[in-house]
Structure formats: structure tokens, C-alpha cells
Protein chains: 2
Amino acid sequence: MFEHKTISLSDQVFERLEDEILWGNYQRGDTLTEMKLVTDLGVSRTPIRDALHRLEQERLIEITPRGILVLGVTGKDLADIYAIRIRIEGLAAREAAKYITDDQLAELKETLELQEFYVGKQNPDGIKIMDSQFHSLICQFSGSAILYDTIIPLHKKIQRYRRAAVSVNERAQESVQEHRAIYEALVKRDSDEAEHYMVEHVRKARDYTLQQEDWL
Amino acid sequence: MFEHKTISLSDQVFERLEDEILWGNYQRGDTLTEMKLVTDLGVSRTPIRDALHRLEQERLIEITPRGILVLGVTGKDLADIYAIRIRIEGLAAREAAKYITDDQLAELKETLELQEFYVGKQNPDGIKIMDSQFHSLICQFSGSAILYDTIIPLHKKIQRYRRAAVSVNERAQESVQEHRAIYEALVKRDSDEAEHYMVEHVRKARDYTLQQEDWL
DNA sequence: CACGGTATAATTGTATACATAAATACGATT
DNA sequence: AATCGTATTTATGTATACAATTATACCGTG
């Protein structure tokens with residue numbers, strides 16, 4: 001069994017529409033129809049319907065007999081997501097510290113150094129990608145598929161605001177330093193310290209993000 | 001706009017298959033095909049494919065070019081889910097305590113009393129349903145859609161084990177008492193107490209559940 | 001008898017035709 | 001002029017036909 005999994009049109013449409021919504025190109029209250037997406041995206045209704053039903057399951061849209069309503073992410077969602085992240089993302093760091101391998105540490109180090117590089121270049125897109133990857137890797141290395149599936153969707157939903165945060169050079173520098181502290185704790189395989197620095201990191205990210213009132 | 005949302009075949013197939021997997025009728029490693037489901041369920045491929053893609057998104061199955069692999073819930077998942085619940089379900093109780101209305105308290109009370117009734121009757125199915133509803137209501141009353149969407153899928157994945165737990169009369173009685181403590185705290189609108197009792201409740205449920213080794 | 005290639009079958013992915021339901025627009029009627 | 005009923009339009013839900021890929025079985029050949 002070779003089992004090579006190709007990227008289906010459904011998946012492509014799903015990711016594209018998810019992005020459009022999460023980056024605000026489609027806003028809360030906008031309405032869509034399948035036929036409009038057919039002409040816009042150039043694929044048939046089948047993969048589009050697949051994608052839409054998955055987006056509905058993530059509560060990003062609502063499908064009604066008369067059209068598709070964009071829900072997106074609200075300001076309340078943003079606050080709620082940080083409240084949850086503060087409570088569980090430390091767990092991911094804690095578990096990762098227990099089981100992380102040298103190879104995984106090397107991968108994390110490279111991501112961290114790339115992030116530092118982009119901070120130096122003041123490249124928000126680069127920073128944001130490496131920031132996401134850093135957190136994503138730690139979730140992976142936690143060894144818990146459930147934890148990964150719980151945290152990553154939350155990250156994705158607020159990527160727009162995290163992108164905005166690291167556009168401010170001060171915050172970008174703080175953020176990467178906090179990442180380094182987490183990384184160093186992981187090198188020492190110190191669970192308590194890894195958890196502590198992760199929680200503090202998320203807390204600071206929340207404080208910074210929620211105080212920018214004009215983002216919603 | 002009447003917007004009456006009928007229950008589509010896709011939804012019915014989704015819930016049915018989700019149930020079959022979560023209750024162990026389809027086990028990890030089992031393989032399915034769309035055509036088998038077509039003949040078994042008596043609907044066309046379209047709603048079945050919709051349902052399968054949503055199940056894949058929940059990581060309950062894996063769809064490959066040669067068939068469908070059932071993943072289900074592992075023992076590791078069970079432990080991971082409790083670790084997460086211990087960290088965030090108290091938050092749901094805390095938030096609910098802030099905003100809960102008298103009507104919502106009445107609804108919660110009725111659920112609680114029904115659960116007590118079923119415990120008296122030693123009716124595990126009844127207990128399990130009311131137990132689930134109690135937790136679900138508190139998530140609703142927290143006012144956070146994100147929190148609801150984060151916790152409820154975790155509940156669903158371990159419903160089989162929670163059902164088993166409340167089949168033991170001792171645990172069923174403890175459990176309903178713990179629920180009552182949470183309810184009383186909510187009546188007082190005491191956030192700290194509500195959170196405390198919820199965390200303790202989940203912790204005890206975990207201890208009881210994970211010690212039954214023969215469940216996986 | 002072993003091995004390789006080709007044909008076949010079985011599977012999911014995709015497109016499209018048809019069914020169904022509801023909102024809207026239009027016309028007739030009072 | 002207002003209102004009720006009906007026809008039409010528009011939307012998603014469903015079924016089915018077709019495409020593409022790949023594992024498998026079979027047959028021929030060395």
C-alpha cells in the first residue's frame with residue numbers, strides 16, 4: 001500500500017476560503033452562494049460544498065437554505081481564545097519537555113533563529129510564519145494529537161491579530177525573546193520552567209493584543 | 001426569512017457514523033468503503049462523502065485513495081482529554097457563574113434532578129444523558145462559543161467511558177453529588193467556588209476512569 | 001517454476017443533472 | 001389601493017455519471 005495522499009480540490013478550496021475569512025477578506029455578515037464560488041474559483045460544486053460543510057463545522061460560516069453566511073471571528077472569540085490558550089498551552093510545553101528529542105530541538109532552534117532573523121529584517125510576514133511554526137512544533141512535540149487538534153485551530157483563528165502584533169517591532173522583539181526562554185527550558189528538559197515561560201508568553205501576547213482596541 | 005434548517009442526510013449520516021465509531025461498533029483499524037456505506041445506509045454517495053470528510057476533520061477516520069481507515073479514540077487520547085478538561089472546564093463554570101440567569105439555573109436544576117432520579121433507578125443510559133447535558137449546559141451558559149466548541153468535542157469522544165463509569169453505582173452517586181456542589185455554587189454566583197468544584201469533579205472522574213485499565 | 005507486464009477491478013475525486021424548498025415578484029381580485 | 005394567491009426564480013440537497021489512480025490478478029514468457 002503506497003497510500004500517497006494527493007491534495008484534493010476540496011482541501012484547496014477549504015484552505016483558500018478559510019484564509020479569506022480569517023484574514024478578513026470575507027467579513028462577518030457577508031453572504032456567499034455556491035454558484036458564485038463556482039465561477040470565482042473555477043471548480044465544480046462538489047469540492048466547494050465539501051469545503052463549505054467543513055467550514056461550517058468550524059463555525060466560520062453558517063449554511064442556510066438561502067445562502068451562506070460568513071461568521072468569522074469576533075472580538076469575544078479573540079478574548080476567549082486567549083483565556084483558553086493561557087490554560088492549556090503551558091501543558092503542551094510541559095509535555096514536550098518530557099519527550100523532546102535532539103532532532104526536534106534542532107528543528108525548533110532553526111525556527112527560532114529564522115524568527116530572530118526576520119525580526120532583525122522587520123519582516124512581519126516572516127515573523128508571523130515562524131512564530132506560528134514555533135508554537136505548532138511544540139504542540140507536535142507534546143506527543144498529544146488531541147492537544148494539537150485543540151490548540152492549533154485556536155491559533156489559526158487569531159493569526160490575523162498575531163500578525164498585527166508582531167508588526168510592532170517592540171512586541172516582535174519581546175516575543176522572540178520569550179520564545180528563546182521557552183526553547184532554553186526545553187533544552188534543559190525542565191517541564192516546570194517550560195510551562196512557566198509558555199504561560200507567561202501567552203499571557204503577554206494576550207495583554208498586548210487585547211489592548212489594541214481598534215482591531216475589531 | 002424563515003430560515004428553517006432541516007436535518008440533511010449528510011448530518012444524519014455524520015451523526016450515525018460518529019456514534020458507531022465512538023461507541024466502538026467500528027473499531028480502530030477497521031476499513032470501510034463508500035459503496036459499503038451506500039448499501040448499508042441506503043443513501044447516495046454525496047451525503048456519505050460529506051459526512052466522511054467531516055469525520056476525517058475530527059480525526060475519527062482517515063480517508064485514503066484505497067478506502068477509509070477507522071482511527072477512533074485511543075487510550076492516550078482518553079488521558080490527554082482529561083488533562084485538558086481539568087485545565088479548562090473550570091473556566092466554563094467560572095464564566096457561567098458570572099452571567100447565569102434564573103431560567104438557566106432552573107434548566108440546570110431540572111437536569112440535575114433527573115440525573116438524581118436515574119441514579120436512584122440505576123439507569124446508566126439515563127444518567128449518562130443527564131450527565132452530558134449538565135456539562136453541556138454549563139458550557140452554553142459560559143457565553144463562550146469558543147469554549148463550547150473546544151470542550152464539547154472532547155466530551156463526545158469519551159462518552160463511552162463516561163457511560164461505563166456511571167454504570168458503577170458508587171461512582172454514579174459521587175458524580176451526581178459533585179454536580180450538585182457545582183450547581184449550588186452557581187446559584188450563589190460564586191465563580192471561585194464553581195470553578196473549584198468543577199475542577200475537582202473532572203479530576204475525580206479522570207482518576208476513576210483511568211484506573212479502569214481494562215477499558216481499552 | 002519464477003518473474004514481469006498488462007489488463008482488470010475497485011476505490012475515491014470530480015462534474016453535472018435533477019429534486020426540493022422558500023423567498024420574491026407579479027397579477028388578479030376584492 | 002391593498003391583499004392574497006400563484007408562478008418564477010434562486011438557493012442548497014441529493015443522486016448519478018464519469019475520471020483518475022492504484023492494487024490485484026492473470027497470463028505470457030524466459
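Each chain gets a letter, A, B and so on, in the order the sequences are listed, and its residues count up from 1.
- Within 3.5 Å, a donor on the side chain of B:Arg66 pairs with an acceptor on the base of D:dT22, or the reverse.
- The only member of B:Glu18, B:Gln12, B:Glu20 that meets side-chain hydrogen bond (donor to acceptor under 3.5 Å, both in side chains) when paired with B:Arg16 is B:Glu20.
- At the phosphate of C:dG13, neither OP1 nor OP2 sits under 4.0 Å from any side-chain N or O atom of A:Ser10.
- Note: CG (B:Leu41) to P (D:dT14) measures 13 Å, nearest angstrom.
- In this structure, the NZ atom of A:Lys36 is 17 Å from the C1' atom of D:dT12, given to the nearest Å.
- Between A:His135 and A:His155, the ring centre distance stays below 6.0 Å.
- In this structure, B:Ile61 CD1 and B:Ile21 CD1 are separated by 6.0 Å, a value rounded to the nearest 0.5 Å.
- Rounded to whole Å, the distance from CD1 on A:Ile7 to P on C:dT14 is 11 Å.
- Of the residues in residues 44-52 of chain B, B:Arg45, B:Arg49 come within less than 4.0 Å of DNA chain C through at least one heavy atom, sorted by number.
- How far CD of A:Glu113 is from CZ of A:Arg180: 6.5 Å, rounded to the nearest 0.5 Å.
- We find that CD1 of B:Ile63 is positioned 16 Å from C1' of D:dT21, with the value rounded to whole Å.
- Exactly one of A:Leu108, A:Val187, A:Leu137 qualifies for a side-chain contact (heavy atoms from CB on, under 4.5 Å) with A:Ile100. That residue is A:Leu108.
- One interatomic measurement links the two molecules: CD of A:Glu34 to P of D:dA11, which rounds to 10 Å at whole-angstrom precision.
- Proximity note for A:Thr33 (side chain, C-beta onward) versus D:dA11, C:dT12, D:dT14: the nearest is D:dA11.
- Put simply, the residue from B:Ile81, B:Leu22, B:Asp77 that forms a side-chain contact (heavy atoms from CB on, under 4.5 Å) with B:Ile158 is B:Ile81.
- For B:Leu55 and C:dT12, the CG to P distance is 14 Å, given to the nearest whole Å.
- Distance, A:Leu32 CG to D:dT10 C1': 15 Å, rounded to whole Å.
- Atom-to-atom, CE of B:Met35 to P of C:dT12 comes out at 9 Å; the value is rounded to the nearest Å.
- When the side-chain nitrogen and oxygen atoms of A:His53 are compared with OP1 and OP2 of D:dG13, one or more of them lie within a distance under 4.0 Å.
- Here the CD-CD1 distance, from A:Glu62 to A:Ile68, works out to 11.5 Å after rounding to the nearest 0.5 Å.
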